[in-house]
Amino acid sequence: MPVLFSTDYSLDRLSNIESDDIGTEKNKGYSSRSYVLFSIRKAWDGQKQYNSKSKTSDGIIKIYKKNQAKLDKLIAFSGFTAQKMINNSIEQMYDQLIKDDTEVVDQDDTLG
């Protein structure tokens with residue numbers, strides 16, 4: 001059963017008259033309603049920013065300084081781009097560490 005909020009928290013009930021008492025320490029002069037909307041928007045933008053940082057869609061990978069020279073040598077040796085080198089490494093590690101284990105588990109299930 002969904003939880004219903006009291007009508008006391010409706011934005012329609014909040015004052016739209018600006019006050020010098022409402023706002024942040026450095027930025028006063030909001031109305032109750034606009035400050036609540038500002039806070040909601042700020043929280044929403046913060047969540048969107050956090051979500052975008054946690055996803056890999058931007059394609060940015062940070063390399064430790066100590067590993068940068070190693071990566072450069074691997075790229076020169078292989079002729080791959082950094083992106084191709086990293087993706088190949090991910091695929092190889094997945095195949096070695098995870099794929100083989102899942103295949104063994106799947107085979108055990110069919111034998112049992």
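FYI, side chains are in, hydrogens and waters are out, and symmetry mates aren't considered; it's all heavy atoms of this structure. Throughout, numbering of the chain's residues begins at 1 and tracks the sequence.
- Residues passing the side chain to side chain donor-acceptor pair (under 3.5 Å) test with Ser32, sequence neighbours excluded: none.
- Hydrophobic clustering, with ILVMFWY side chains joined whenever heavy atoms are under 4.5 angstrom apart, groups Ile22 together with Phe38.
- For the side chain to side chain contact (heavy atoms under 4.5 Å, CB included) test, residues two or more places apart in sequence or in another chain that qualify with Ser78 are Phe80, Met85.
- Scanning for side chain to side chain donor-acceptor pair (under 3.5 Å) contacts around Gln92 gives an empty result, with sequence neighbours left out.
- In this structure, Leu97 is a member of the same hydrophobic cluster as Tyr94, with clusters built from ILVMFWY side-chain heavy atoms closer than 4.5 Å.
- Scanning for side chain to side chain donor-acceptor pair (under 3.5 Å) contacts around Tyr30 gives Asn27, with sequence neighbours left out.
- The list of salt bridge (Lys or Arg N to Asp or Glu O under 4.0 Å) pairs with a residue in residues 35-44, not counting sequence neighbours, reads Arg41-Asp45.
- The distance from atom OH of Tyr35 to atom CD of Glu18, rounded to the nearest 0.5 Å, is 14.5 Å.
- Partners of Ile90 by side chain to side chain contact (heavy atoms under 4.5 Å, CB included), not counting sequence neighbours, listed by chain and number: Ile86, Asn87.
- Atom NZ of Lys84 has 12 or fewer neighbouring heavy atoms from other residues, nucleotides or ligands inside a 6.0 Å radius.
- In terms of the side chain to side chain contact (heavy atoms under 4.5 Å, CB included) criterion, residue partners of Asn67 (sequence neighbours excluded) are, by chain and number, Ile63, Tyr64, Lys70.
- We find the NZ-CG distance between Lys66 and Leu71 to be 14.0 Å, quoted to the nearest 0.5 Å.
- Counting non-hydrogen atoms of other residues, nucleotides and ligands closer than 6.0 Å to CD of Gln83 gives a total of 12 or fewer.
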